[in-house]
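Right, one structure below, let's go through it.
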Amino acid sequence: MIRRPAPALASIVLAGAVLLAVGADLASKPATVLEGPIKPRVTAIAVAFDRDNPKQKTFGKLTYRGGFNLFANSRHFGGYSGLAIDASGTTILAVSDGGTWMRASLDYNGRLLQGVHDMTLGPILGPNGKPLRKGKDRDAEGLALASGDTRNGEAYVSFERVHRIARYPFSPKRFGPPSRTVKLPKAARQMKTNQGLEAVALIRAGRLTGTIVAFSERLKDSRGNLKGWLIGGPSPGTITVRRRGGFDITDAAGLPDGGLILLERRFRYSEGVQMRIRRIKAADLRPGKLIAGEILLEATDRLNIDNMEAVAVHRSRGGETILTLMSDDNFNPLQRSLIMQFALP
């Protein structure tokens with residue numbers, strides 16, 4: 001169901017979000033654990049990317065394909081930091097730093113993203129086959145499909161606080177327990193508790209097919225650039241991304257050509273929240289190279305953004321590469337769970 005918001009309400013909500021910290025330290029996550037899958041009632045409120053000029057569709061090098069603010073009548077809905085989408089672009093799977101997963105079907109009006117239906121929420125299971133209960137164990141931040149689709153398959157999930165990447169088999173009503181844990185590089189021990197593995201992606205094409213790419217939120221080298229890793233595959237090792245403008249990495253997703261999309265965020269109390277999307281060429285993904293990447297979009301909170309933490313990629317029927325973004329509302333009633341789509345040129 002789609003509802004149109006009053007512009008004043010949207011501005012108030014965004015202003016409230018800016019006044020609060022983006023980080024998880026101010027989050028109010030559910031104290032209770034979701035014991036099994038549920039079907040909440042959902043509402044989607046359409047949003048323009050430019051509130052002052054809703055007809056504007058081109059932003060940076062991307063084309064806006066619609067979006068909405070998503071609500072569900074469950075205290076366990078929210079905190080989404082990792083996202084996957086199926087090859088047809090019709091079903092999403094997300095993980096929350098509250099230790100849950102969410103699956104929903106997307107609705108379109110032609111090429112425009114319009115809403116969702118058939119949502120399911122459920123607990124991420126630990127090695128014992130039971131829902132993760134300790135707060136330090138539940139902080140899921142990244143998601144990448146390893147096999148199958150968003151209904152049945154296996155996925156890599158990255159966690160911070162207790163830093164790890166685990167491979168999870170899943171079905172329509174169950175997510176886990178994990179089948180194995182990925183061995184992390186020794187340098188990963190340098191990550192701080194709440195600045196851990198924010199992003200995990202899988203390369204699906206080219207010379208690095210099958211390689212896991214992982215980034216912490218803000219682990220820097222001696223020159224202040226952001227460190228990540230190629231794990232497995234033919235060329236494992238440390239990679240470095242040039243840190244520009246004080247942005248931190250919040251997610252990554254593999255591109256159909258073997259390259260990578262990086263989603264980044266900057267937050268300051270004095271200036272609010274900002275978002276950036278960078279594209280990294282497949283040829284630049286190699287150990288020892290300082291990667292600059294191509295800026296596709298940079299946005300301040302003058303545009304309709306929130307705490308953007310998740311990105312997924314698919315090819316549309318028309319052959320366009322579509323980026324789907326989702327925000328983490330930190331379980332804060334003044335923040336939003338936005339889902340938006342953009343087309344690459």
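Predicted model only: the values in this text are computed from it and were never measured.
Within the structure, side chain to side chain donor-acceptor pair (under 3.5 Å) contacts touching residues 196-208 (residues at least two apart or in different chains) do not occur. A salt bridge (Lys or Arg N to Asp or Glu O under 4.0 Å) check over residues 215-224, counting only residues at least two apart or in different chains, returns the pairs Glu217-Arg265, Arg218-Asp248. Applying the ring pair (Phe, Tyr, Trp, His ring centres under 6.0 Å) test to residues at least two apart or on different chains, the pairs with a partner in residues 31-60 are Phe49-Phe59, Phe49-Tyr64, Phe49-Phe342. Pairs of residues two or more places apart, or lying in two chains, that qualify as ring pair (Phe, Tyr, Trp, His ring centres under 6.0 Å) and include a residue from residues 119-169 are Tyr168-Phe175.
Listed for the Arg138 side chain is a donor-acceptor partner under 3.5 Å among the backbone atoms of Gly98. Although no hydrogens or angles enter the test, the distance criterion places no donor-acceptor pair under 3.5 Å between the side chain of Asp137 and the main chain of Leu132. Under the 3.5 Å distance criterion, the side-chain polar atoms of Asp251 are left unmatched by any main-chain donor or acceptor of Ala199. Here the side chain of Arg51 pairs a donor or acceptor atom with the backbone of Arg302 at under 3.5 angstrom. At distances below 3.5 Å, at least one donor-acceptor pair connects side-chain atoms of Ser327 with backbone N or O atoms of Leu338.
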Practice task
Check the pair Thr250, Glu309 against side chain to side chain donor-acceptor pair (under 3.5 Å), reporting the backbone distance first and the verdict last.
Solution key: CA-CA 5 Å; Thr250 60; Glu309 284 218 9; 6.0 Å; no
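Counting only N and O atoms by type, the side chains of Arg151 and Ser105 include a donor and acceptor under 3.5 Å apart.
Checked for salt-bridge contact, Glu298 and Lys61 miss the test: no charged N lies under 4.0 Å from a carboxylate O. Ion pair Lys39/Asp118 flagged as a salt bridge, since at least one NZ, NE, NH1 or NH2 atom sits closer than 4.0 Å to an Asp/Glu carboxylate oxygen.
Of the candidates Arg244, Arg242, Arg276, Arg276 is the only one forming a salt bridge (charged side-chain N to carboxylate O under 4.0 Å, His left out) with Glu264. The side chain to side chain contact (heavy atoms under 4.5 Å, CB included) test with Gln341 is passed by exactly one of Leu112, Ile85, Leu62, Leu323: Ile85.
The hydrophobic cluster analysis finds Leu290 isolated: no Ile, Leu, Val, Met, Phe, Trp or Tyr side chain comes under 4.5 Å of it, directly or through other members. Under a 4.5 Å side-chain heavy-atom cut-off, the cluster of Ile, Leu, Val, Met, Phe, Trp and Tyr residues that includes Leu125 has no other member.
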